Amino acid sequence: MGQSNPPHPLILTQGDSMSYLSQLEAQIIREMNQARANPGEYANKLETLKQYYDGRLFKQPGETPLQTQEGITAVDEAIRALRAMDSKPSLCPSRGMSQAAADLVQDQGPRGETGHTGSDGSTPFDRMNRYGRWQGGAAENISYGSDTAEQVVMQLIIDDGVSSRGHRENIFNGEFRWTGVACGPHQTYRQMCAIVYANGYDEQV
């Protein structure tokens, strides 16, 4: 889910340390930046997943089998897309944006809900503006059920069943320079991770 504001000067604040993030949350930012730095090399990581597909069933050792919508064709398409991409600047972590992501996790997780709209009707853009002001453009990705940073990022890059590949586009959007991440328990899918992005962010926390 993405949105753009009318053009105006971007406000970029000094990068924050990641001490407020859990180990998993910090690892997700590093994993996204690894993919952005060298998409072609990251495509080689996706290649290793192909051995675990049996038709549309994804069966990784030690994991519960997952019924996908597209099967290995989505992985092949993602590999081709990444190998055609240029590198992108690293994403900087934002405390306020991470708190905005945490608001959704704390709202949805206990009820097992999904989607970008909070129970209070808030959008990702509303939540980001609670703790600062996003600038230029912004978006949100949500992962359900993945346990590791690699699984979260690979799932969003492959974007199985999403015709627009919007989650992948968000990860590799070169205009996005700031990100916030929050993960937590989810009643239906065990775990969820919300990731928000923005061109610029005026931190107010």
Side-chain angles (χ1 to χ4, degrees), residues 1-4 24-25 27-40 42-43 45-47 49 53 56 58 66-91 93-94 97-98 100-102 104-105 108-109 113-118 123-125 127-128 134 136-184 186 188-199:
M1 183 177 188
Q3 183 170 310
S4 295
L24 174 61
E25 292 160 356
Q27 286 173 344
I28 287 171
I29 294 177
R30 295 188 188 102
E31 190 78 14
M32 289 191 296
N33 281 337
Q34 179 187 354
R36 284 168 66 97
N38 195 332
Y42 201 85
K45 294 181 72 170
L46 299 185
E47 285 277 8
L49 299 179
Y53 278 85
R56 294 185 180 179
F58 181 67
L66 175 66
Q67 184 68 44
T68 68
Q69 294 186 43
E70 300 176 65
I72 202 169
T73 59
V75 183
D76 285 332
E77 188 272 331
I79 289 169
R80 290 193 299 272
L82 265 61
R83 287 184 174 154
M85 285 183 190
D86 296 325
S87 63
K88 303 296 188 294
S90 292
L91 295 163
S94 160
M97 291 173 66
S98 295
L104 183 67
V105 173
Q108 280 191 353
E113 295 178 353
T114 61
H116 294 281
T117 304
T123 68
F125 319 107
R127 293 188 290 272
M128 278 186 267
W134 61 272
E140 181 180 70
N141 283 349
I142 310 173
S143 165
Y144 298 97
S146 295
D147 295 320
T148 69
E150 190 173 75
Q151 287 175 352
V152 168
V153 174
M154 285 184 170
Q155 176 196 64
L156 293 169
I157 288 175
I158 294 169
D159 227 1
D160 177 82
V162 181
S163 59
S164 68
R165 306 301 194 213
H167 301 99
R168 182 195 306 160
E169 289 185 5
N170 288 339
I171 290 176
F172 290 103
N173 186 331
E175 297 297 314
F176 291 156
R177 300 298 181 89
W178 297 88
T179 190
V181 182
C183 300
H186 190 274
T188 304
Y189 296 107
R190 300 191 327 277
Q191 179 166 268
M192 67 175 288
C193 292
I195 308 169
V196 289
Y197 309 86
N199 293 20

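The shown structure was predicted, so the numbers you read here are calculated from the model rather than taken from an experiment.
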Measuring from Ser146:OG to Arg190:CZ, what's the distance to the nearest 0.5 Å?
-> 8.0 Å

Between Leu24 and Ala149 the two heavy atoms that sit nearest each other are CD1-N, 3.4 Å

Rounded to the nearest 0.5 Å, how far does CD of Gln155 lie from CG of Asn141?
-> 10.0 Å

Please check if the side chain of Thr117 supplies one atom and the backbone of Thr123 the other of a donor-acceptor pair under 3.5 Å.
-> no

Which atoms form the tightest heavy-atom contact between Arg168 and Asp159, and what is the distance?
-> N-OD2, 3.5 Å

Residue pair Glu140 / Pro124: nearest heavy atoms and the distance that separates them | OE1-CG, 3.2 Å

If the plane angle is over 60° it's perpendicular, under 30° parallel, otherwise tilted; pick one for Trp134 and Phe125.
-> tilted

Identify the heavy atoms of Ile142 and His116 that sit nearest to each other, and give their distance.
-> CD1-ND1, 3.6 Å

Rounded to the nearest 0.5 Å, the OG1 atom of Thr188 sits from the CD atom of Gln108 at a distance of 10.0 Å

Would you indicate whether the side-chain heavy atoms of Val153 and Leu156 approach each other to under 4.5 Å?
-> no

For Glu70 and Glu77, run side chain to side chain contact (heavy atoms under 4.5 Å, CB included): C-alpha distance rounded to whole Å, both residues' side-chain angles, the deciding distance at 0.1 Å, then the answer.
-> CA-CA 10 Å; Glu70 300 176 65; Glu77 188 272 331; over 6 Å; no

Shortest non-hydrogen contact from Arg177 toward Asn199 | CB-O, 3.7 Å

Separation between NE2 of His167 and CG of Asp160, rounded to the nearest 0.5 Å = 11.5 Å

Atom CG in Leu104, atom SG in Cys193: separation rounded to 0.5 Å?
-> 11.5 Å

Identify every side-chain donor-acceptor pair in residues 80-91 under 3.5 Å, counting partners at least two apart or on other chains, and give the distances.
unit_1, atom_1, unit_2, atom_2, d
Arg83, NH1, Glu47, OE2, 3.4
Arg83, NH2, Asn44, OD1, 2.8
Lys88, NZ, Asp86, O, 2.8

Do Tyr53 and Val75 touch side chain to side chain, with heavy atoms closer than 4.5 Å?
-> yes

Between Glu31 and Tyr42, do the side chains contain an N or O donor and an N or O acceptor separated by less than 3.5 Å?
-> yes

Exam field: side chain Arg36 to backbone Ile171, donor-acceptor pair closer than 3.5 Å = yes

If you count the non-hydrogen atoms of other residues, nucleotides and ligands that lie under 6.0 Å from OH in Tyr144, is the total more than 12?
-> yes

Which distance, rounded to the nearest 0.5 Å, do you find between the CE of Met97 and the OG1 of Thr179?
-> 5.5 Å

Are Ile195 and Met32 side-chain neighbours, meaning at least one heavy-atom pair lies under 4.5 Å?
-> yes

Close side-chain approach of Tyr189 and Thr114, heavy atoms under 4.5 Å = yes

Answer whether the closest heavy-atom distance between the side chains of Ile28 and Cys183 falls below 4.5 Å.
-> yes

Residues Met192 and His186: closest non-hydrogen pair is SD-CD2, 3.6 Å

Should Thr68 and Ile158 count as side-chain neighbours, where that means a heavy-atom distance under 4.5 Å?
-> no

Start with the C-alpha distance between Arg56 and Gln69, add both sets of side-chain angles, then the distance that settles side chain to side chain contact (heavy atoms under 4.5 Å, CB included), and finish with yes or no.
-> CA-CA 6 Å; Arg56 294 185 180 179; Gln69 294 186 43; 5.8 Å; no

